[in-house]
Amino acid sequence: MIKEIYIEDIKNLFSKREKDANKGDFGKVGILGGSINYSGAIKLATMSLASLRSGCGLVKVIVPNEIVSSLSPVLLEQTLFTYKNLEDIKKSIKDLDSLAIGMGWGYDEKHLTILKYILENFQGNLVIDADGLNTLVNHLEILKTSQANIVLTPHLKEFSRLTNLSIEEIEKNKIEIAKSFANENHVILLLKGSTTIITNGSDVYLTNYGTPGMATSGSGDVLSGILAGLLGYLKYNLISVSAGAIINGLAGELAEEKNTDIGMIARDTISYIPDAIKKIRNA
């Protein structure tokens, strides 16, 4: 099945919450990334804010000990967890419902060790993005036996690295290549583009929400933050992942109305997530 998906299709995911709801009802989310060379402190803080704006109950930002000083001043509602070794990683993820990993990592062999451990032991919903995807290149076999429910969020260049196909080859048969990859590697693949493709290897959802103003640094990180937030309290399936793409694109469209396609930045998209959810509820 190949289907275009719209805000009406995800409306029932965002019904109003009960008066006695508490933060424990809406999931614990982790954002794991950063490195001494690519600290990306603001990026990680931005992602975690996107998760909170998307409705999860709690966000834990998990970073190497070396970059804590650059991150602490920009976290308000989020919590901070630092790690020095794999034992610290084990402690940081044990109570999470969802986890996004790989942003600001850069290249380091120890990241493959961390990613392998998480794939073998984490049993929640896992979003792999950015340098997490680059770490997977030539190691896709570790996806197939994972305990986690995995979402991969590559753009075309990252997908080219993962598949060892040229961008031109992918463009000729994008949907079928995406389906085949998702099926073979037991993941939900969200292939970013002007038309975003979301597939579990059998069914395909297509969404066109978004704007040229989102062609700016950090927009992909915002999407991963939204996905991690939603998967903290929603089920792992195509409709939930598609909802993340729709909220991201719709919030971007609303942000562009105020900031223009030239002037908007990724943080503007986050500020319009609540308005995007309101628009979905009123669909």
Exercise. Do Ile118 and Ile31 share a hydrophobic cluster (ILVMFWY, side-chain heavy atoms under 4.5 Å, transitive)?
Worked result: no
Exercise. Do Asn183 and Ser202 have side-chain heavy atoms sitting under 4.5 Å apart?
Worked result: no
For this session: Find out whether Ile5 and Leu206 are in side-chain contact, i.e. whether some heavy atom of one side chain is under 4.5 Å from a heavy atom of the other.
Result: no
Problem set entry | Asn185 (side chain) donor-acceptor with Val187 (main chain) under 3.5 angstrom | no
Exercise. Does the pair Lys60 and Asp95 meet the rule for a side-chain contact (heavy atoms from CB on, under 4.5 Å), with working shown?
Worked result: CA-CA 10 Å; Lys60 180 190 295 185; Asp95 61 345; 3.4 Å; yes
Exercise. Can you tell if the side chain of Ile89 reaches within under 4.5 Å of the side chain of Phe81, non-hydrogen atoms only?
Worked result: no
Exercise. Under 3.5 Å, is there a donor-acceptor pair between the side chain of Asp131 and the main chain of Asn134?
Worked result: no
Problem set entry | Reported CG-to-CD distance for the pair Asn259 and Glu257, which is rounded to 0.5 angstrom | 10.5 Å
For this session: Could you check if a side-chain atom of Ile247 sits within less than 4.5 angstrom of a side-chain atom of Leu230, using non-hydrogen atoms only?
Result: yes
For this session: Applying side-chain contact (heavy atoms from CB on, under 4.5 Å), run through Val29 and Leu99 and close with a yes or a no.
Result: CA-CA 6 Å; Val29 173; Leu99 173 65; over 6 Å; no
Exercise. Would you call Asp129-Lys192 a salt bridge at under 4.0 Å N-O?
Worked result: yes
For this session: Tell me, please, whether Tyr233 has Arg17 positioned over its six-membered ring: NZ or CZ under 6.0 Å from the ring centre and within 45 degrees of its axis?
Result: yes
For this session: Using only heavy-atom distances, determine whether the side chains of Ser224 and Asp221 contain a donor-acceptor pair under 3.5 Å.
Result: no
For this session: Applying salt bridge (Lys or Arg N to Asp or Glu O under 4.0 Å), run through Glu87 and Lys90 and close with a yes or a no.
Result: CA-CA 5 Å; Glu87 285 302 313; Lys90 294 177 184 179; 2.9 Å; yes
Exercise. Between the main-chain N or O of Ser166 and the side-chain N or O of Glu168, is there a donor-acceptor pair closer than 3.5 Å?
Worked result: no
Exercise. Met214 and Glu253: side-chain contact (heavy atoms from CB on, under 4.5 Å), yes or no, with the steps?
Worked result: CA-CA 8 Å; Met214 297 173 75; Glu253 291 176 2; 6.0 Å; no
For this session: Side-chain contact test, heavy atoms from C-beta onward, threshold under 4.5 Å: evaluate it for Val222 versus Met47 and give yes or no.
Result: no
Exercise. Sub-3.5 Å donor-acceptor pair from the side chain of Ser146 to the main-chain atoms of Leu119, do we have one?
Worked result: yes
For this session: Give a yes or no on whether Tyr117 and Leu136 share a hydrophobic cluster (residues Ile, Leu, Val, Met, Phe, Trp, Tyr; joining criterion: side-chain heavy atoms under 4.5 Å apart).
Result: yes
Problem set entry | Residue pair Phe181, Leu191: steps toward the side-chain contact (heavy atoms from CB on, under 4.5 Å) verdict | CA-CA 11 Å; Phe181 181 91; Leu191 182 56; over 6 Å; no
Exercise. With the threshold set at 4.0 Å, does a side-chain nitrogen-carboxylate oxygen contact exist between Glu169 and Lys172?
Worked result: no
Seminar exercise, completed: Taking every heavy atom of Gly229 against every heavy atom of Cys56, the minimum-distance pair comes out as O-CB, 3.5 Å
For this session: Would you kindly say whether Asn125 and Ser98 are connected by a side-chain donor-acceptor distance under 3.5 Å?
Result: no
Exercise. Are the side chain of Asp268 and the backbone N or O of Ala255 linked by a donor-acceptor pair below 3.5 Å?
Worked result: no
Problem set entry | Hydrophobic cluster membership, Leu238 vs Leu190, 4.5 Å side-chain cutoff | yes
For this session: For the residue pair Tyr6 and Tyr209, categorise the inter-ring angle as parallel (less than 30°), tilted (30 to 60°) or perpendicular (more than 60°).
Result: perpendicular
Exercise. Below 4.5 Å, heavy atoms only, C-beta onward: do Tyr205 and Met1 meet side chain to side chain?
Worked result: yes
Exercise. Around atom NZ of Lys144, are there more than 12 heavy atoms of other residues, nucleotides or ligands at under 6.0 Å?
Worked result: yes
Problem set entry | Heavy-atom donor-acceptor pair, Thr79 side chain to Val59 backbone, under 3.5 Å | yes
Seminar exercise, completed: Paired with Ile197, the side chain to side chain contact (heavy atoms under 4.5 Å, CB included) test is passed by just one of Thr207, Val204, Leu189, namely Val204
